[in-house]
Amino acid sequence: MPVTYRETNRERLRDALVAAARDLTIGNGWDGVRMADVARAAGVSRQTVYNEFGDKSGLAEALAAREIDAFVADVRGALHRHGPDIRAAGRAAIGHTLLEAAGNPLIKAILTSARGSADELLPFLTTRSELLLAAATAVIGDWAGTHLPDHDPRVVAVAAESIVRLVVSHIVQPSQAPDRTADDLTDVLVRLLTP
């Protein structure tokens, strides 16, 4: 079924509103974001923002979903660019995740929200961290299914969940520079996935 002009415009509007909310959240923290500010930044009325998202929680859900989708797509791309090379694919994905969490306060907040992070930007989105962990684990499983078809799926599932949880623990409490951590965690992933 073809997309209508109205649907296209509505999607553009939602994109503009979420982008405005993202910029305001990064600049002011989520607590400092008001629906009126989002409307003003997007060049629409405050009622338009309410019509699209219902309330601030609805806007937060849309913002979190957009961040997670973009983040997971980037991790998927990092893995698949290196095909079956476990070390290169793992290093690219782990390095991207650590750097993204260090530089993107929204991803860091979502990843760490259920772990008592002191700088939670989106404190009421605690369920999003589990969704992101599950999505990241699934992406590793999909990559392995495509590029490592002879690997035992149970071993891949344990390796994927383990490495994702290790990466998150290093985001919550870093012990060294992200590049060094990425190298070390890549070594762990290679050991977990090498028969």
Side-chain angles (χ1 to χ4, degrees), residues 8-79 92-139 164-182 185:
T8 301
N9 281 342
R10 182 162 187 224
E11 190 59 34
R12 284 186 188 139
L13 172 64
R14 288 181 69 84
D15 287 345
L17 294 171
V18 170
R22 182 184 194 279
D23 292 345
L24 289 166
T25 301
I26 290 171
N28 305 324
W30 180 249
D31 290 342
V33 174
R34 294 184 357 216
M35 299 293 262
D37 297 332
V38 172
R40 189 170 20 267
V44 298
S45 71
R46 185 173 64 139
Q47 188 59 49
T48 299
V49 182
Y50 281 103
N51 289 347
E52 283 302 314
F53 300 105
D55 57 16
K56 192 174 175 185
S57 293
L59 178 59
E61 288 293 321
L63 175 59
R66 186 74 47 92
E67 288 296 308
I68 290 170
D69 290 347
F71 175 76
V72 169
D74 288 347
V75 170
R76 180 180 291 109
L79 285 167
I94 293 166
H96 170 77
T97 301
L98 292 171
L99 291 174
E100 186 69 10
N104 183 335
L106 297 179
I107 289 297
K108 184 173 184 178
I110 293 166
L111 279 167
T112 62
S113 62
R115 285 152 185 80
S117 173
D119 61 346
E120 295 175 31
L121 295 177
L122 306 174
F124 56 89
L125 294 178
T126 56
T127 59
R128 286 293 181 187
S129 64
E130 291 305 318
L131 294 175
L132 184 53
L133 292 174
T137 300
V139 165
V164 167
R165 290 185 180 279
L166 284 170
V167 168
V168 170
S169 75
H170 282 275
I171 291 168
V172 172
Q173 191 170 16
S175 59
Q176 56 191 355
D179 282 344
R180 177 69 186 175
T181 299
L185 293 180

Would you mind writing out the side-chain donor-acceptor pairs for residues 15-24 within the sub-3.5 Å range, not counting sequence neighbours?
| unit_1 | atom_1 | unit_2 | atom_2 | d |
| --- | --- | --- | --- | --- |
| D15 | OD1 | R66 | NH1 | 2.7 |
| D15 | OD1 | R66 | NH2 | 3.1 |
| R22 | NE | E67 | OE2 | 2.5 |

Spatial distance of atom CZ (R165) from atom NE2 (H170) [nearest 0.5 Å]: 14.5 Å
Taking the side chain as every heavy atom from C-beta outward, state whether T97 and V164 have any pair of such atoms under 4.5 Å apart. no
The criterion is side chain to side chain contact (heavy atoms under 4.5 Å, CB included); which residues satisfy it with D69, sequence neighbours excluded? none
Euclidean distance, R10 CZ relative to T8 OG1, rounded to 0.5 Å: 12.5 Å
Please report the interatomic distance NZ(K56) to OH(Y50), rounded to the nearest 0.5 Å. 9.0 Å
If you take all heavy atoms of A182 and I94, which pair is closest and at what distance? CA-CG2, 3.7 Å
Take a 6.0 Å sphere around CD of Q173 and say whether it holds more than 12 heavy atoms from other residues, nucleotides or ligands. no
Within this structure, what is the CZ-CG distance for the pair R180 and L185, rounded to the nearest 0.5 Å? 10.5 Å
Name each donor-acceptor pair under 3.5 Å that joins a side chain in residues 32-40 to protein atoms two or more places apart or in another chain, with its distance.
| unit_1 | atom_1 | unit_2 | atom_2 | d |
| --- | --- | --- | --- | --- |
| D37 | OD1 | R40 | NH2 | 2.7 |

Per side chain to side chain contact (heavy atoms under 4.5 Å, CB included), F53 is matched among L63, T48, L59 by L59
In Å, rounded to the nearest 0.5 Å, how long is the span from CG of D179 to CG of L99? 6.0 Å
